[in-house]
Structures are given as structure tokens and as C-alpha cells.
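Structure record follows, encoded as C-alpha cells.
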Amino acid sequence: MNNVFHKCLKKAFGEQEYAKYVKMCKEELVGQNQNMISYENKPVYQKMYQILRQENQENLKERAERLMETMYQAFQIGRRFASVILFYVIANFILIGLELDYYVTCISLALVGICFLYKLVEFMKNKYCFVDAYLVMVYKAVLEKLYPPLKNGI
């Protein structure tokens, strides 16, 4: 299971190019006090810029729209997790309160627990994906430079 930023970048640039960006990003971020405001002098930015500047405005618009959808998805995963926790707690209380057969209750609690663990892993992968989030910010900065309407929210 990959986070939404990984999927977006992989779709935009391909698996090999994505792997190169991750490697460059890790080298760039290790042991340095980063100025996160300016990306333009960073090697990752330059590489993305070289690839994207060859595309026409229509392709850049599509890329910008996909990026905005991805950012919205990432935001929604975080917002929905509170309801997942609430559902998990309520489901456990209901299953225990129904006083079903012991084995039925145990199996039901285990299934609800597995579903909760899946959503927890999804949430954690999307919450703590620093390198991918950094790469998405660089990608957004490149798109903003090449496709100015993105700065205004498309």
C-alpha cells in the first residue's frame, strides 16, 4: 500500500524517475538545515522543471488538476480517520452489547479490528510520508511556475 503522494508522483513521472527523485531528495535533506521556501536551486526542482517545461499548457493543466485531486485525497484521509475511530469504538460496544455467541462475537470483533488496522495503516502511511510530501511540494512549485493559473486555484 502506497501513500497518495507516491501514487501521484509515480503516475506523473514513472517509477524509475520517482526513485531518482526520492534518492536525490534524501541526499538533499540529510544533515542539512533546509530553507523550505525556495526550491528553485534544488536539484530535484531542476530535474522536474527540465521534464515539465517541454509539455504544452493542456498537459500541464491536467497534471495540475491531478495534483489538486491528490492533495484533496490526502486531506480527506486525515479528516475521515476520526470517523473511522468512532465507528470502531461504537461497533465494538454494539458487538459486545448484543451478547451473541462467544465465537461469533470474537470473529466479529476480529474482523472489525482488521478493518480498523487497515485504515490505521493507510492513515499512518499518508500522515508520515515526509519525502513524498516534500516531492509533491516541489512538483507543485514547478507546476506553479510553468502553469500560472495553478497559483490561483486552477
For Val44 and Cys25, which heavy atoms make the closest approach, and how far apart are they? CG2-N, 3.9 Å

I need the [X] [atom1] to [Y] [atom2] distance, nearest 0.5 Å.
X	Y	atom1	atom2	value
Leu9	Glu15	CG	CD	10.5 Å
Leu143	Tyr139	CG	OH	5.0 Å
Phe93	Leu98	CZ	CG	13.5 Å
Lys145	Met48	NZ	CE	15.0 Å
Glu62	Asn56	CD	CG	8.0 Å
Met71	Met68	CE	CE	5.0 Å

Report yes or no: do [X] and [Y] belong to one cluster of Ile/Leu/Val/Met/Phe/Trp/Tyr joined by side chain heavy-atom distances under 4.5 Å?
X	Y	value
Leu111	Leu117	no
Val112	Ile96	yes
Val89	Phe87	no
Ile94	Ile114	no
Ile85	Leu109	yes

Less than 4.5 Å apart, side chain to side chain, heavy atoms only: is that true for Leu146 and Glu55? no

Just wondering, do Glu17 and Lys47 contact through their side chains at under 4.5 Å, heavy atoms? yes

Excluding sequence neighbours, so at least two apart, what forms side-chain contact (heavy atoms from CB on, under 4.5 Å) with Lys7? Asn2

For Phe13, does the six-membered ring have the charged nitrogen or CZ of Arg63 within the cation-pi criterion, i.e. under 6.0 angstrom from the centroid and within 45° of the normal?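 Judged by the rule (NZ or CZ under 6.0 Å from the ring centre, within 45° of its axis), Arg63 counts as positioned above Phe13.
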
Should the ring pair Tyr49 and Tyr45 be called parallel, tilted or perpendicular, given that the plane angle runs from 0 to 90° and is split at 30 and 60? parallel

Does a sphere of radius 6.0 Å around CD in Gln50 hold more than 12 heavy atoms from other residues, nucleotides or ligands, not counting ones at 6.0 Å or beyond? yes

Excluding sequence neighbours, so at least two apart, what forms side-chain hydrogen bond (donor to acceptor under 3.5 Å, both in side chains) with Asp132?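 Partners of Asp132 by the side-chain hydrogen bond (donor to acceptor under 3.5 Å, both in side chains) criterion, ordered by chain and then number, come out as Asn3, Tyr18.
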
Taking only Lys NZ, Arg NE, NH1 and NH2, and the carboxylate oxygens of Asp or Glu, determine whether Glu122 and Lys125 approach each other closer than 4.0 Å.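 No, this pair does not count.
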
Sequence neighbours excluded, which residues qualify as ring-ring contact (aromatic ring centres under 6.0 Å, His included) partners of Phe81? Phe123

